Amino acid sequence: MDWTNKVVLITGASSGIGRGLAVELARRGAAVGLLARRAELLHEIVEEIEATSGRALALAFDVTNAPAVREAAGQLSASFGPIDVLIANAGVASSTNAEELKAEQIAALINVNVIGVANTVTAVLGGMVERGRGQLVAISSLAAYRGLPKSAAYCGSKAAVSAFFESLRLDLEPKGIAVTIIHPGFIKTPLTAGRKAQMPFLMELDDAVEKIVRAIEQQKKSYAFPWQLATMVRAGMLMPIFMYDWISRRNSFRE
Ligand SMILES: NC(=O)c1ccc[n+]([C@@H]2O[C@H](COP(=O)([O-])OP(=O)(O)OC[C@H]3O[C@@H](n4cnc5c(N)ncnc54)[C@H](OP(=O)(O)O)[C@@H]3O)[C@@H](O)[C@H]2O)c1
């Protein structure tokens, strides 16, 4: 895939995976729109990209605000042209025992992880359908496949994102739009920093970014990594419930 002159909108681009993808895709020649709330961080990344002759635009917006996301998509198209690839990456995590869950906290997480994804997809989709081309990418999680201890809101949100994107794929592939769902395991980013719980096969950010970029280039429908953890998760999907519960309760990834 030739990234030169491709216009890419990346949400959650101020940090972690989104920032890594933005810098790497700009290095490969794409014009990148960086959407997140922290404007100062976005401007620093734009400067870093422009310093190496790349093209980037800071879009300081909140994914939970649908009109604002439409405005961001409009600004990106006006600056660099129609959006070719959306990477819906913005997300938050939480670790909460079921009995301590608060409705407002669940709603806030679902609002970013699910509604935020819907807001970005709908902001770019019309143009892609009109042109009969484009690619929608979701950064979901291996946590989408089955429930995990202390992760009801997060697992629920990622399962929703994966199912949402799978439905999009069925509708949009015949219209020339590729749909890619990425299911990462544990990656070293601010989201996982400071966690004391076990994080098997924890990956370096650069390695994860390289894998995600390759999956996007190959227009994979679904890509789960690292393979060791992805294999364990797939095995978990085939297990009878009593066996899955027994193993999962003894292997919590949240403190
Ligand atoms: N790290 C992992 O191990 C891992 C594993 C599987 C999946 N993932 C998924 O990968 C994605 C990125 O995670 P990360 O590890 O890179 O985390 P991160 O470093 O904490 O980055 C999260 C990004 O989301 C943005 N964001 C949060 N709320 C937002 C909002 N309301 N509007 C706009 N942007 C918002 C943040 O920017 P602002 O705060 O500036 O708005 C930040 O840029 C998430 O969807 C996460 O669930 C991560």
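As a basis for the values below, the full set of heavy atoms in this structure was taken, side chains included, without hydrogen atoms, waters or symmetry mates. Along the sequence shown, residues carry numbers from 1. Please read all numbers here as calculations on a predicted model, not as lab measurements.
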Under 3.5 Å donor-acceptor, [X] side chain and [Y] backbone:
X: N97; Y: E100; value: no
X: D2; Y: T4; value: yes
X: N113; Y: G91; value: no
X: T192; Y: T189; value: yes
X: E173; Y: V179; value: no
X: K158; Y: H183; value: no
X: S248; Y: D245; value: no
X: T11; Y: N89; value: yes
X: N119; Y: V63; value: yes
X: N111; Y: A107; value: no

Does R37 qualify as a cation-pi partner of F61, given the criterion of NZ or CZ under 6.0 Å from the six-membered ring centre and within 45 degrees of its axis? no
Could you tell me if R250 sits above the aromatic ring of W246, with its cationic atom closer than 6.0 Å to the ring centre and no more than 45 degrees from the axis? yes
Taking it one step at a time, do L35 and I10 satisfy side-chain contact (heavy atoms from CB on, under 4.5 Å)? CA-CA 6 Å; L35 194 155; I10 305 170; over 6 Å; no
Check the pair L229, L142 against side-chain contact (heavy atoms from CB on, under 4.5 Å), reporting the backbone distance first and the verdict last. CA-CA 8 Å; L229 197 57; L142 285 177; 3.8 Å; yes
Taking every non-hydrogen atom, the tightest pair across [X] and [Y]:
X: L205; Y: K188; result: CB-O, 3.7 Å
X: A73; Y: V124; result: CB-CG1, 4.3 Å
X: Y244; Y: G147; result: OH-O, 2.5 Å
X: Y154; Y: S94; result: CB-O, 4.4 Å
X: R55; Y: N5; result: NH2-OD1, 3.5 Å
X: A143; Y: L148; result: CB-CD1, 3.9 Å

Would you please test F165 and L136 for side-chain contact (heavy atoms from CB on, under 4.5 Å) and show each step? CA-CA 8 Å; F165 260 63; L136 301 173; 3.8 Å; yes
In Å and rounded to the nearest 0.5 Å, what is the [atom1] to [atom2] distance from [X] to [Y]?
X: I45; Y: E47; atom1: CD1; atom2: CD; answer: 11.0 Å
X: L109; Y: S157; atom1: CG; atom2: OG; answer: 5.0 Å
X: C155; Y: R146; atom1: SG; atom2: CZ; answer: 11.5 Å
X: Q228; Y: F201; atom1: CD; atom2: CZ; answer: 5.0 Å
X: R249; Y: I247; atom1: CZ; atom2: CD1; answer: 12.0 Å
X: L21; Y: I87; atom1: CG; atom2: CD1; answer: 5.0 Å

Does [X] reach the side chain of [Y], with side-chain heavy atoms less than 4.5 Å apart?
X: I181; Y: K221; answer: no
X: T64; Y: I115; answer: no
X: L34; Y: L59; answer: no
X: P82; Y: S77; answer: no

Passes ring pair (Phe, Tyr, Trp, His ring centres under 6.0 Å), F225 versus Y223? Steps please. CA-CA 7 Å; F225 71 99; Y223 176 58; 5.3 Å; yes
One pair to check against side-chain contact (heavy atoms from CB on, under 4.5 Å): V69 and D62. What are the steps and the verdict? CA-CA 7 Å; V69 175; D62 188 321; over 6 Å; no
Salt bridge or not for E44 and R38, using N-O below 4.0 Å? no
Ion pair check, R27 and E24, cut-off under 4.0 Å: yes
Would you say L170 has more than 12 foreign heavy atoms packed within less than 6.0 Å of its CG? yes
Could you check whether atom CG of D206 has more than 12 heavy atoms from other residues, nucleotides or ligands sitting under 6.0 Å from it? no
Hey, are Q135 and T180 close enough side-chain-wise for a donor-acceptor pair under 3.5 Å? yes
Say whether S140 and S162, considering side chains only, have a donor N or O and an acceptor N or O under 3.5 Å apart. yes
From L9, V8, L125, residue fulfilling side-chain contact (heavy atoms from CB on, under 4.5 Å) relative to I83: L9
